[in-house]
There are 2 protein chains.
Amino acid sequence: MAKLQKSIDKRNALVKATIELVNNNGFHATPMSKIAKMANVSPATIYLYFENKQDLVNQTYIDVKAEYTKYAFKDFDTNLPVEKGFELIWKRIADFKLKECENAMFLAQCDNTPMIDELSRQQGIKHLQPLLDLWTRGRKEGIIKPMSDYLLYAYSINPLSFLMIAQKRGSFQLDVTHLEEAYQSAWSSIKVCK
Amino acid sequence: MAKLQKSIDKRNALVKATIELVNNNGFHATPMSKIAKMANVSPATIYLYFENKQDLVNQTYIDVKAEYTKYAFKDFDTNLPVEKGFELIWKRIADFKLKECENAMFLAQCDNTPMIDELSRQQGIKHLQPLLDLWTRGRKEGIIKPMSDYLLYAYSINPLSFLMIAQKRGSFQLDVTHLEEAYQSAWSSIKVCK
DNA sequence: TATGTAAAAATGAACGTTCATTCTTTTTTT
DNA sequence: AAAAAAAGAATGAACGTTCATTTTTACATA
């Protein structure tokens, strides 16, 4: 195998192990030794790929966040009408939270704890721009409520994180019917009422 | 001072220190020695009040959760019409998240990490019943969408956690205008559209 | 293709530190 | 003066990181 590919594989294995272990135990209860073992690597090897534990988790966060937004905007097209565009993005995000559950759980934990450096956090937000642009257009067209992006995100996107966690804990099953209800609630909360 | 009161004070100091330190550093990055120091107590003394570190954080969680729901339902009356009752509870919860920021941050972190025992987590949910009852009544009267409690909570209550965290991070200011907008979004997302 | 070799990558053991918890002693209360 | 509460120092385990060494890779030469 090519040297480069082997390096990439090893880095990916480390990132994947970090996600799984941090999901189950939290950042500080996840020792480097366990990450190494799960990635089939010596603890010392981690330090060839990452500066230290904080760097490993920061980079993992940025990686996953990039995957998330790439997934979210896959079929998005800026020419779509606002409502259609929003529905498309919303459903892709919902898909991500349900199918890429491990990744989504990791992000939820990062976003609600002091686990990630502020710099990496800001790096992670960057790629959300297409959604913010869509909302700007929607407000101009009088379709979206004239509210802050934070409020729009809080009401239309963030609830999916709560539902995902509830689902992971087993207390709740987010099936196709629920998903449609959830979408309607999301849209209701941000659209201008006629 | 009475012996009992002194004990209560000491326990409260420990709980308060735990909240502050865990908010800033996370559970595992908060040593017992620091908790002790902040509460003006010897590390060994903690073990007179709590079994171990896990017990301390579990009990802190249950304490704060109880405070949260007590605050939320303070002026609530089951005879209120559904919409009025919801508005009252929602605004009390919003108040809590903004004024009792430390407490609310702590709950957010607990609810999104594997920090708390499952048993304590379930103990914490118990006191939310009045809101669930209100929703049941609302659904019967055709005022509230016929959706799962989880969905109703995700859309009408949980967004406040996101907004609180954004506000704490300084990226966003949740003032009176925003609060009214937020309430309208919350209500829009769960009310039946006429 | 086979071989030798220098550099790079990877390793396991070791180090120094930190932490939760306990033990023994001291202080406070009754 | 006995009992209860609190203290600080001690203990042993676990952790992040580094170090000395081994293994693998890349490649020049034959």
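Every chain is numbered from 1, with letters handed out A, B, ... down the list of sequences. The figures that follow rest on heavy atoms only: side chains count, while hydrogens, waters and symmetry mates do not.
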Q: Indicate yes or no: at least one non-hydrogen side-chain atom of A:Arg139 is less than 4.5 angstrom from one of A:Leu152.
A: yes
All N/O pairs under 3.5 Å across the protein-nucleotides 24-28 of chain C interface:
none

Q.
Under the rule for side-chain contact (heavy atoms from CB on, under 4.5 Å), what residues qualify as partners of B:Pro130, not counting sequence neighbours?
A. B:Phe73, B:Phe76
(Q) What is the distance, to the nearest angstrom, from the NZ atom on A:Lys53 to the C1' atom on C:dT17? (A) 15 Å
Q: Applying side-chain contact (heavy atoms from CB on, under 4.5 Å), name anything that partners A:Glu67, two or more places apart in sequence or on another chain.
A: A:Glu100, A:Asn103
Q.
Atom NZ of residue position A:Lys168 - does it have more than 12 heavy atoms of other residues, nucleotides or ligands inside 6.0 Å?
A. yes
Q. Which part of the nucleic acid, if any, lies within contact of A:Lys10, taking any heavy atom under 4.0 Å across all strands shown: a base, the sugar-phosphate backbone alone, or nothing?
A. sugar-phosphate
Q) In residues 11-30 of chain A, which ones come under 4.0 Å of DNA chain D, going by heavy atoms? A) A:Thr30
**Q.** Interatomic distance, A:Leu56 CG vs D:dG16 P [rounded to whole Å]
**A.** 10 Å
(Q) Test of understanding: with side chain to side chain donor-acceptor pair (under 3.5 Å), list the residues that count as partners of A:Asp75, not counting sequence neighbours. (A) none
Q: Could you name each residue pair satisfying side chain to side chain donor-acceptor pair (under 3.5 Å) that touches residues 14-25 of chain A, not counting sequence neighbours?
A: A:Asn23-A:Glu102
Q) Atom CE of B:Met32 and atom P of C:dT22: how far apart are they, to the nearest Å? A) 10 Å
Q | side chain to side chain donor-acceptor pair (under 3.5 Å) involving A:Asp63 - partner list, sequence neighbours excluded | A | A:Arg11
Q: Show which residues join A:Met105 in its hydrophobic cluster (side-chain heavy-atom contacts under 4.5 Å, direct or indirect), or state none.
A: A:Met164, A:Ile165
Q. Apart from A:Ile125 itself, what residues make up its hydrophobic cluster when side-chain heavy atoms of I, L, V, M, F, W and Y under 4.5 Å apart count as a link, directly or indirectly?
A. none
Q | For B:Thr113, all residues meeting side chain to side chain donor-acceptor pair (under 3.5 Å), sequence neighbours excluded | A | none
Q) Rounded to whole angstroms, how far apart are NZ on A:Lys34 and P on D:dC15? A) 7 Å
Q. By a strict heavy-atom criterion of less than 4.0 Å, which residues belonging to residues 36-51 of chain B are in contact with DNA chain D?
A. B:Val41, B:Ser42, B:Ala44, B:Thr45, B:Leu48, B:Tyr49
Q) How would you list, by chain and number, every residue that makes a side-chain contact (heavy atoms from CB on, under 4.5 Å) with A:Lys91, sequence neighbours excluded? A) A:Glu87, A:Glu180, A:Tyr183
